[in-house]
There are 2 protein chains.
Amino acid sequence: MAAEKETATEQRILDAARSVFLRKGMMGTRMQEVADEAGINKALLHYYFRDKQRLFEEVFCVCGKHGMQGVWEELTHDRPLFGNIRAFVAAFHTAIEREPLFPHFLLSELQRDPQHLLKLVDLGKGAREHFFGQVMEAQQRGEIIPIDPRQLMVNIMAWCQFPHVAAPIIKHVGGMDQKTFKQFLNERSTLVAELIIRSIRA
Amino acid sequence: MAAEKETATEQRILDAARSVFLRKGMMGTRMQEVADEAGINKALLHYYFRDKQRLFEEVFCVCGKHGMQGVWEELTHDRPLFGNIRAFVAAFHTAIEREPLFPHFLLSELQRDPQHLLKLVDLGKGAREHFFGQVMEAQQRGEIIPIDPRQLMVNIMAWCQFPHVAAPIIKHVGGMDQKTFKQFLNERSTLVAELIIRSIRA
DNA sequence: GTCTATATGTAGATAGAC
DNA sequence: GTCTATCTACATATAGAC
């Protein structure tokens with residue numbers, strides 16, 4: 001059926017576009033390369049998505065929502081603070097496993113066009129506010145040291161994201177192949193939460 | 001004198017190129033924009049630096065060496081481990097103050113052409129090995145918990161670099177203007193070292 | 001050394017056949 | 001819906017005058 005084929009092609013384009021955009025960024029991506037990877041030609045790209053910008057935004061929105069959905073949520077549960085931190089870090093790790101290049105991509109595009117990114121970031125607003133509240137409470141109960149909740153948030157995000165952003169450097173410096181590096185990241189998924197907690201526990 | 005004028009122009013080009021390359025990356029940079037910012041025209045760019053690639057590499061090498069020089073060194077001193085960590089974090093903070101966009105730039109270009117970057121990274125090889133040795137010793141003396149030194153190194157780098165890479169997000173989420181953000185970073189310059197130490201102290 | 005003008009290549013986008 | 005061929009715009013790079 002025509003409808004099925006249409007959808008199939010559109011999907012192939014989106015997959016190819018995601019792959020190339022994530023690796024090369026908006027400016028580095030050539031429509032020809034997307035077409036090649038999708039197994040079609042350039043004209044068809046413009047038939048489905050009017051121009052490069054729209055294709056980019058399509059990929060970006062889908063990818064962004066898909067990426068962090070369910071991760072921020074982990075911070076909003078009615079669990080003790082430390083439990084929420086552990087769950088968040090674990091969920092982050094799982095989410096990034098599905099799309100390892102996304103952190104790098106997101107930060108690369110951040111300089112070029114901050115607007116889109118910041119909209120995406122707002123999705124986690126409620127979760128962060130809940131988290132900040134929990135941190136303040138834990139502080140007042142004397143469970144953790146006095147600390148600006150924003151600093152703590154940055155610390156958590158940094159440890160979760162940075163290893164993926166700097167992956168090639170880490171592999172090079174540590175002399176790791178892909179398999180060893182994956183293991184290194186797996187170790188981190190529990191290590192990070194425990195060290196974060198050690199760093200703030202009163 | 002001709003020699004002086006020549007040098008001045010070359011310097012103006014390099015300054016302009018650094019500014020644009022750091023903000024837009026290799027692919028996003030237009031030679032026209034570099035020329036405009038240097039107050040000359042495109043042809044002169046090619047007169048001084050044969051092509052875009054060479055101009056880029058010139059900027060990149062100078063900027064890279066200038067950027068991290070003296071920072072890695074802090075890890076090699078004959079101080080206790082914790083002292084080295086504190087000094088390293090502080091030096092890192094100072095270095096990045098001089099070139100705030102460099103972390104973002106470096107990580108953006110990492111995907112496009114890993115080769116140049118990895119050469120730059122090797123400059124810190126000796127320092128890292130010394131640091132790894134110190135970590136092992138501290139572990140054997142029971143001063144710190146058992147931890148893969150590479151994980152610790154990644155943790156330190158992550159906390160130092162990530163805030164600059166994600167600066168626009170942090171400002172947006174935290175509702176900070178430039179001044180407030182700078183203050184936020186200043187707080188980190190001591191906070192980071194102390195929390196790193198807390199996270200591993202036995 | 002610095003400029004204007006131009007050549008060359010390539011990327012994004014469209015027209016039109018099938 | 002998919003293709004080939006083409007247009008247009010622009011970026012890098014060069015030629016040549018001053």
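Every chain is numbered from 1, with letters handed out A, B, ... down the list of sequences. None of these values were measured; they are calculated from a predicted model.
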Once you round it to whole Å, what is the distance between [atom2] of [N] and [atom1] of [X]?
{"X": "I40(B)", "N": "dT4(C)", "atom1": "CD1", "atom2": "P", "answer": "12 Å"}
{"X": "L44(B)", "N": "dA15(D)", "atom1": "CG", "atom2": "P", "answer": "16 Å"}
{"X": "E10(B)", "N": "dG1(C)", "atom1": "CD", "atom2": "P", "answer": "9 Å"}
{"X": "K42(A)", "N": "dT8(D)", "atom1": "NZ", "atom2": "C1'", "answer": "12 Å"}
{"X": "H46(B)", "N": "dG1(C)", "atom1": "NE2", "atom2": "C1'", "answer": "16 Å"}
{"X": "R50(A)", "N": "dT14(C)", "atom1": "CZ", "atom2": "P", "answer": "7 Å"}
{"X": "K52(A)", "N": "dT10(C)", "atom1": "NZ", "atom2": "P", "answer": "16 Å"}
{"X": "Y47(A)", "N": "dT2(D)", "atom1": "OH", "atom2": "C1'", "answer": "9 Å"}

Original post:
Can you check whether T9(B) has a side-chain N or O nearer than 4.0 Å to OP1 or OP2 of dT2(C)?
Top reply: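 Yes.
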Looking only at side-chain atoms of [X], point me to the closest of [options].
{"X": "M31(A)", "options": "dA13(C), dT14(C), dT12(D)", "value": "dA13(C)"}
{"X": "R30(A)", "options": "dT2(D), dG12(C), dT12(D)", "value": "dG12(C)"}
{"X": "Y48(B)", "options": "dT14(C), dA13(D), dG1(C)", "value": "dG1(C)"}
{"X": "D51(A)", "options": "dC3(D), dT14(D), dA13(C)", "value": "dA13(C)"}

Original post:
When we call it a touch if two heavy atoms are under 4.0 Å apart, what does N41(B) touch: a base, just sugar-phosphate, or nothing?
Top reply: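 If one applies the 4.0 Å heavy-atom cut-off, N41(B) turns out to touch a base.
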Original post:
Contact class for L45(A) vs. all strands (heavy atom < 4.0 Å): base, sugar-phosphate, or nothing?
Top reply: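 Here L45(A) touches no strand at all.
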Can you see which heavy atom on [X] is nearest to which on [Y], and at what distance?
{"X": "E74(B)", "Y": "A91(B)", "value": "CG-CB, 3.7 Å"}
{"X": "G67(B)", "Y": "R98(B)", "value": "O-NH2, 4.0 Å"}
{"X": "P163(B)", "Y": "F181(B)", "value": "O-CZ, 3.8 Å"}

Original post:
Any ion pair linking D177(B) and K179(B) (charged N to carboxylate O, less than 4.0 Å)?
Top reply: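 Judged by the 4.0 Å cut-off on N to carboxylate O distance, K179(B) and D177(B) do not form a salt bridge.
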Original post:
Mind checking whether F105(A) and F21(A) have ring centres under 6.0 Å apart?
Top reply: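 For F105(A) and F21(A), the ring centres are not under 6.0 Å apart.
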